[in-house]
Amino acid sequence: MMYSFTEETVITGDIDRIWAVATDVARWSEWDPHEEKSRIDGPFAAGTTGWVKPKGAPAGPFTITDVRAGSSWTSQAGIPFGKLRGHRSYEALGDGTVRVAERVEVHGPFGPLFRLVWEKGMRADMPRTFEALEKEALRRE
């Protein structure tokens, strides 16, 4: 049993800088309104673990499962009786803008409860995160 949802938008900025900000896990809470605390326990690479405390949701560990440098990364976290997988992608559009997207997959029987309790808040936060990513990447230029 699995369900998913995706949000995407186009932001202004240099893809390399956007990628650098988006993958700087230790500093997420400095700019991302969705994250209260975060850390990474090694290099930003498949197999590396980390920990995150999102606003309005329980804290917990995650594992980076795939990294395609400069274009996408995927992480996975355990939830009761299943897993939560997040896939983020970044695509330079050639005009100083970047399409950013996040797909969330909820695997397992916990899905209906997740949808009821957390999905609305996550979906509402994604555009704010994209906007904050744009601002932070421009600030770091």
Side-chain angles (χ1 to χ4, degrees), residues 1-94 96-141:
M1 178 181 321
M2 187 272 285
Y3 88 94
S4 66
F5 57 94
T6 302
E7 293 289 331
E8 72 173 50
T9 195
V10 174
I11 62 175
T12 300
D14 174 72
I15 192 161
D16 293 331
R17 185 141 8 264
I18 289 168
W19 175 261
V21 171
T23 58
D24 186 0
V25 178
R27 295 180 66 187
W28 283 349
S29 63
E30 294 176 16
W31 61 267
D32 186 341
H34 182 71
E35 306 299 352
E36 290 181 6
K37 297 178 184 177
S38 58
R39 76 163 196 265
I40 190 165
D41 303 323
F44 194 87
T48 298
T49 58
W51 178 92
V52 66
K53 168 60 180 95
K55 288 189 171 103
F62 67 90
T63 301
I64 297 170
T65 59
D66 185 60
V67 175
R68 305 214 187 276
S71 66
S72 70
W73 64 280
T74 306
S75 64
Q76 185 169 294
I79 57 174
F81 310 107
K83 63 186 172 187
L84 183 69
R85 179 175 289 153
H87 178 76
R88 296 119 188 122
S89 61
Y90 311 86
E91 176 190 1
L93 300 178
T97 63
V98 175
R99 181 185 333 279
V100 294
E102 182 169 356
R103 173 183 166 94
V104 175
E105 297 176 1
V106 183
H107 296 260
F110 191 69
L113 182 60
F114 187 94
R115 178 179 276 161
L116 181 69
V117 176
W118 290 290
E119 180 183 341
K120 184 177 179 183
M122 283 183 77
R123 285 182 89 106
D125 276 355
M126 285 177 178
R128 290 193 279 267
T129 293
F130 297 153
E131 180 182 328
L133 174 59
E134 176 183 60
K135 287 180 181 173
E136 181 65 10
L138 290 171
R139 188 190 72 74
R140 290 191 194 183
E141 283 187 351

Applying side chain to side chain donor-acceptor pair (under 3.5 Å) to Thr23 and not counting sequence neighbours gives none

Sequence neighbours excluded, which residues qualify as salt bridge (Lys or Arg N to Asp or Glu O under 4.0 Å) partners of Arg88?
Glu102

Do Thr9 and Val100 have side chains that approach each other closer than 4.5 Å (heavy atoms only, starting at C-beta)?
yes

Arg85: what forms a side chain to side chain donor-acceptor pair (under 3.5 Å) with it, not counting sequence neighbours?
Gln76

Other residues, nucleotides and ligands only: do more than 12 of their heavy atoms fall within 6.0 Å of CZ on Phe81?
no

Which atoms form the tightest heavy-atom contact between Thr12 and Glu134, and what is the distance?
N-OE2, 2.6 Å

For Glu7, the side chain to side chain donor-acceptor pair (under 3.5 Å) test, sequence neighbours excluded, returns Arg123

With side-chain contact (heavy atoms from CB on, under 4.5 Å) as the criterion, how do Trp31 and Arg139 come out once you've worked through the C-alpha distance, each side chain's angles and the decisive distance to 0.1 Å?
CA-CA 11 Å; Trp31 61 267; Arg139 188 190 72 74; over 6 Å; no

Looking only at heavy atoms, what is the nearest atom pair of Ile18 and Ala137, with distance?
CG1-CB, 3.7 Å

Show me the donor-acceptor pairs, under 3.5 Å and distance only, between side chains in residues 104-118 and residues at least two apart or in other chains.
unit_1	atom_1	unit_2	atom_2	d
Glu105	OE1	His107	NE2	2.8
Glu105	OE2	Arg103	NE	3.1
Trp118	NE1	Gly56	O	3.3

Does anything in residues 74-84 form a salt bridge (charged side-chain N to carboxylate O under 4.0 Å, His left out)? List the pairs, not counting sequence neighbours.
none

Contacts of Asp125 meeting side chain to side chain donor-acceptor pair (under 3.5 Å) (sequence neighbours excluded), chain-then-number -> His34, Arg128

Residue pairs passing the ring pair (Phe, Tyr, Trp, His ring centres under 6.0 Å) test with at least one member in residues 120-141, sequence neighbours excluded, are none

Side-chain donor-acceptor distances from residues 42-54 under 3.5 Å, at least two apart:
unit_1	atom_1	unit_2	atom_2	d
Thr48	OG1	Pro43	O	2.6
Thr48	OG1	Ala45	O	3.2
Thr49	OG1	Asp41	OD2	3.2
Lys53	NZ	Ala57	O	2.7

Those residues at least two apart in sequence (or on a different chain) that pass side chain to side chain contact (heavy atoms under 4.5 Å, CB included) with Asp24 are Ala26, Arg27, Arg140

Identify the heavy atoms of Pro127 and Ala124 that sit nearest to each other, and give their distance.
CD-O, 3.4 Å

How long is the gap from NE2 on His87 to OG1 on Thr65, to the nearest 0.5 Å?
9.5 Å

Would you compute the distance between atom CG of Asp14 and atom OG1 of Thr97 and round it to the nearest 0.5 angstrom?
11.5 Å

List the residues meeting salt bridge (Lys or Arg N to Asp or Glu O under 4.0 Å) with Lys135, not counting sequence neighbours, and say none if there are none.
Glu131

So which atom in Ala77 and which in Pro61 form the shortest heavy-atom distance, rounded to 0.1 Å?
CB-O, 3.5 Å

Checking the side chain of Trp28 only, and the main-chain atoms of Ala22 only, is there a donor and an acceptor separated by less than 3.5 Å?
yes

Of all pairs that satisfy salt bridge (charged side-chain N to carboxylate O under 4.0 Å, His left out), the ones with a partner from residues 66-80, not counting sequence neighbours:
Asp66-Arg68

Lys55 side chain to Pro33 main-chain N or O, any donor-acceptor pair under 3.5 Å?
yes

